[in-house]
Amino acid sequence: RILAVGTDRDGEDCVVREYMLGTAALLTRLGISARRLVGVRIRRQPLCVPWDLLDLGDPAKPKLLCPLDELKAGRKKK
């Protein structure tokens, strides 16, 4: 599931940079204070998928356009 979206401002526009997946993404979205509140220590970073590697043609079933191993290996963000 997509739990957070990384964006940048481009003038008056907001541009999607990446989609963040996984439990760590949810905690990132909630903020560090929420993590401290419940006493959870997460060492993992969210799995970040560059915007151009996720097919959202069917929003109910997003599809990854590359092998998962490629993302875990740390593909450089555009």
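In this chain, residues are counted from 1 in sequence order. Heavy atoms only: backbone and side chains are in, while hydrogens, waters and symmetry mates are out.
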Residues that Val16 engages under side-chain contact (heavy atoms from CB on, under 4.5 Å), provided they are two or more places apart: Val5, Thr7, Tyr19, Trp51

Summary of salt bridge (charged side-chain N to carboxylate O under 4.0 Å, His left out) pairs that have at least one residue in residues 54-67, sequence neighbours excluded: none

Results of side-chain contact (heavy atoms from CB on, under 4.5 Å) for Leu47 - residues two or more places apart only: Leu21, Leu68, Leu71, Lys72

Contacts of type salt bridge (Lys or Arg N to Asp or Glu O under 4.0 Å), residue Asp8, not counting sequence neighbours: Arg17

Heavy-atom nearest pair, Met20 first then Gly6, reads CE-N, 3.5 Å

Scanning both residues in full, the closest heavy-atom pair of Gly57 with Pro59 reads O-CD, 3.5 Å

